[in-house]
Structures are given as structure tokens and as C-alpha cells.
Visitor: 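So that we are looking at the same thing, I have put the structure below in C-alpha cells.
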Amino acid sequence: MLHRFPTGVTGEKVHQKRLPHGAPDWVRTVRVHFPRWNRHADELCVTHVADVVWAVQMSTVEFHPWNSRCTDVEQPDEWRIDLDPMPQASFADVRRVAGVVQEVLDGIGAVGWPKTSGGKGLHVYVRIEPHWGFTDVRRAAHAFAVEVARRAGDLVDLTWWRKDRDPKSIFVDYNQNARDHTIRSAYSVRGVPEAVVSTPVRWDEIADVDPREFTIATVPARFAELGDVHTGIDDAVFLLDELLEWADRDPR
DNA sequence: GGAGACC
DNA sequence: GGTCTCCAACGCCTG
DNA sequence: CAGGCG
Ligand SMILES: [Mn+2]
Ligand SMILES: [Mn+2]
């Protein structure tokens, strides 16, 4: 999905799933399905830099891709751990939860790839075998979140209702792995005047990173110096079996 | 930002 | 040709 | 089921 701002980031935001009419024929699309309503949409599938340039010309600021590939839309190859801080939680709290996340990932033999979200939170990608459907990936993500919450104590609150959630806590948003649920991609700009960028970081950087410092003004230099610190994300492919066993053991 | 509908 | 409108309805949650 | 959540 594209988040477009035809009159600028302070103007109206347009959520766009279907590729706009009049797109050049070299822009690829992928058909995604919404079985609940027996509907579908042809969304942009980025395969070249030119596709990004075209989308930006069309006033796109934020890119929110599915967690699966054009070649196998129904079976995600990415498990996304979405840390959403409540209003009174600090980035220091996010750091502490990230530490727990890394610990639990380590325990199950998974490699996580963290990035700032563009807001106050953090995303962690895990490359997975494209073998399970959205429901199972979400179940696995939930089981993982429960374990993180267990270890993190009051810091993590998995309550769905915002108003019932501790305002100082971090929500581990396992639902973000459901069908048609997306998060801002790596290197996507956020549609705010500060033009913050969702920026891949190394685990050891999290301790002293300030996410607000990653903007369109600073990230190009960082990228020039370090390259993409998520290079290597495809080297280890994780299997969800153990997490799904956790999910089966635990009632919901 | 741009297509398509309406005038 | 000028002006206006449309660009998402998806899946999961709880009560 | 309706309405909140992201
Ligand atoms: Mn988030
Ligand atoms: Mn979220």
C-alpha cells in the first residue's frame, strides 16, 4: 500500500492499494486477495528503483509492502515484530524491550533485523520460510509476543484495547502479521514535516540511537558510509515450528 | 498527482 | 478547457 | 453483531 500526500505531508493523506490509472506499463502489479469479501486488488510490486521514483512522483511518501512476495503472495517470507510504545513510554523503554526480543530470538535460533519505525517504535524483521499462511505467521508472532511479555513484566502490555493498556507500556503488535496488514518499509520516509526515515540499525546501535535523527537529511550519508546494514537478512531462514508449538500449548 | 466525470 | 472528486474497506480484537 | 485498533 502507498501512502500518498498529493498536497504535501501537512495535507490530506491518501491510502492507495490499487495502482492508479495511467501508470506506465513497466510498473509491475501483484494481485492480492481478500477472501472474506471475495475481493481483490492489484497493488504495486516494486522490482526496480524506477518504480519507487514513479511512485514518489505520484506523491507517495510512505511505502507499506505486504510481508510476502509477488511470487508467493499467500505465504509470507517475513515475520515482523512491531514494538508500539504507548504515549508515556520512552525510547529507553523500547530499547529494553528490544533487548528482551533479541534474547528470545536467540533462544529459538532466529536472527532478527531491527530498524527504527519512523516514529517512536521499533520494527524487527525475521526472514522465514514461505511455508505458512498469514494465520499461522500471526499465531507464531502472538506466541512470541506472549513470551516477551512474560520476561519483560509490566514493560510490555498485550491488551488489545488501547484504553485498558498501561500508558507507560510497549505493545507488541502481533496482529501486524495478519493478511493485508503492513508496516512502513525499511528506508521509507514518514509523512511528517520532519521527514523521519524508517532506518535499519545494528543491534549494538540501538543503545545510543535517537530515531528522530534519522531523516532524509541524514540517512543518505549514513547509507553512503555503512551501506545497508540489513544486507544478509536472507542468509538465515527461520522455521516457525517451535513457535507454533508454543501457540498450540497455550490456549490462544 | 493525475485520471475521469461533469459542465 | 475549468473544476471537482476520487484515490482502503481489511482482519483481528472485545463487549 | 458493532465499533476500536493498526
Ligand atoms: Mn509500529
Ligand atoms: Mn502496530
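Here is how names work: the chains are called A, B, and so on, in the same order as the sequence lines, proteins then strands, and each is numbered from 1.
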Visitor: Between A/Lys13 (NZ) and D/dG6 (C1'), how many Å, whole number?
Guide: 11 Å

Visitor: Looking only at side-chain atoms of A/His21, point me to the closest of B/dG1, C/dG11, B/dA3.
Guide: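 Within the option list, the nearest is B/dA3.
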
Visitor: When the distance from CE of A/Met86 to P of D/dG4 is rounded to whole Å, what number comes out?
Guide: 16 Å

Visitor: Roughly, in whole Å, what's the span from NE2 in A/His3 to C1' in C/dC6?
Guide: 17 Å

Visitor: Decide whether A/Leu105 and A/Val111 are clustered together by the hydrophobic rule: side chain heavy atoms of Ile, Leu, Val, Met, Phe, Trp, Tyr closer than 4.5 Å, transitively.
Guide: no

Visitor: Taking any heavy-atom pair under 4.0 Å as a contact, classify A/Arg165: base, sugar-phosphate, or nothing.
Guide: sugar-phosphate

Visitor: Should the pair A/Phe223 and A/Tyr187 be assigned to parallel (<30°), tilted (30 to 60°) or perpendicular (>60°) ring geometry?
Guide: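 Perpendicular, since the angle between the ring planes exceeds 60°.
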
Visitor: Of all the choices, B/dG2, D/dC5, D/dG4, which nucleotide is nearest to the side chain of A/Gln57 once you look at every atom?
Guide: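 In terms of side-chain proximity for A/Gln57, the closest of B/dG2, D/dC5, D/dG4 is B/dG2.
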
Visitor: Where the side chain of A/Asp84 is defined as all heavy atoms beyond and including C-beta, which of C/dC12, B/dG1, D/dG6 is the nearest nucleotide?
Guide: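 Shortest atom-to-atom distance from the side chain points to D/dG6.
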
Visitor: Just the rounded figure in Å: distance from C1' of C/dC7 to CZ of A/Phe5.
Guide: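 One finds 13 Å between C1' of C/dC7 and CZ of A/Phe5, rounded.
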
Visitor: Find the distance A/His142:NE2 to D/dG6:P and express it as a whole number of Å.
Guide: 16 Å

Visitor: Taking atom C1' in both B/dG1 and C/dC10, compute the distance separating them and give it to the nearest angstrom.
Guide: 26 Å

Visitor: Which of the following nucleotides, C/dG11, D/dG6, B/dG1, is nearest to the side chain of A/Arg162?
Guide: D/dG6

Visitor: Is A/Arg18 near enough to C/dC7 that one of its side-chain N or O atoms lies under 4.0 angstrom from OP1 or OP2?
Guide: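 Checking A/Arg18 against C/dC7: no side-chain N or O falls below 4.0 Å of OP1 or OP2.
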
Visitor: Let's test your reading of the model: under 3.5 Å, does the base of C/dG11 pair with the side chain of A/Arg138 as donor and acceptor?
Guide: no

Visitor: B/dG1, D/dG3, C/dC10: which one has an atom nearest the side-chain heavy atoms of A/His181?
Guide: C/dC10

Visitor: May I ask you to test the A/His33-A/Arg179 pair for a side-chain heavy-atom distance under 4.5 Å?
Guide: yes

Visitor: Is it the case that A/Asp51 and A/Thr47 place a side-chain donor and acceptor less than 3.5 Å from each other?
Guide: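 There is such a pair between these side chains.
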
Visitor: Within the 4.0 Å heavy-atom criterion, would you say A/Pro20 contacts the bases, only the backbone, or no part of the nucleic acid?
Guide: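 No contact.
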
Visitor: Of the nucleotides C/dC13, C/dC7, C/dC10, which has the atom closest to the A/Phe34 side chain?
Guide: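 Side chain of A/Phe34 sits closest to C/dC10.
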
Visitor: With a 4.0 Å cut-off on heavy atoms, is A/Arg39 in touch with a base, just the backbone sugar-phosphate, or nothing at all?
Guide: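 If one applies the 4.0 Å heavy-atom cut-off, A/Arg39 turns out to touch the sugar-phosphate alone, with no base involved.
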
Visitor: Any side-chain N or O of A/Arg184 less than 4.0 Å from the OP1 or OP2 oxygen of D/dG6?
Guide: no

Visitor: CG of A/Asn177 versus C1' of D/dG6: gap in Å, rounded?
Guide: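 Going from CG in A/Asn177 over to C1' in D/dG6 covers 12 Å.
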
Visitor: Can a donor-acceptor pair be found, under 3.5 Å and without considering hydrogens, that links the side chain of A/Thr116 to the backbone of A/Ser198?
Guide: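 Side chain of A/Thr116 to backbone of A/Ser198, a donor-acceptor pair under 3.5 Å: no, none is there.
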
Visitor: Expressed as a whole number of Å, how far does the C1' atom of C/dA9 sit from that of D/dA2?
Guide: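 That atom pair is separated by 16 Å.
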
Visitor: Between A/Asp77 and A/Arg69, does the salt bridge (charged side-chain N to carboxylate O under 4.0 Å, His left out) criterion hold? Intermediate values first, please.
Guide: CA-CA 7 Å; A/Asp77 71 342; A/Arg69 306 286 174 153; 2.7 Å; yes

Visitor: Report the nucleotide, chosen from C/dC7, C/dA9, C/dC13, that has the shortest atom-to-atom distance to any side-chain atom of A/Glu12.
Guide: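 The answer is C/dC7.
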
Visitor: D/dC5 and C/dA8: how far apart are their C1' atoms, nearest whole angstrom?
Guide: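 Here D/dC5 and C/dA8 have their C1' atoms 15 Å from each other.
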
Visitor: How close or far is atom C1' of C/dC10 from atom NE2 of A/His64, stated in whole angstroms?
Guide: 15 Å

Visitor: Round to the nearest Å and state the distance from A/Asp173 atom CG to C/dC13 atom P.
Guide: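 That distance rounds to 11 Å.
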
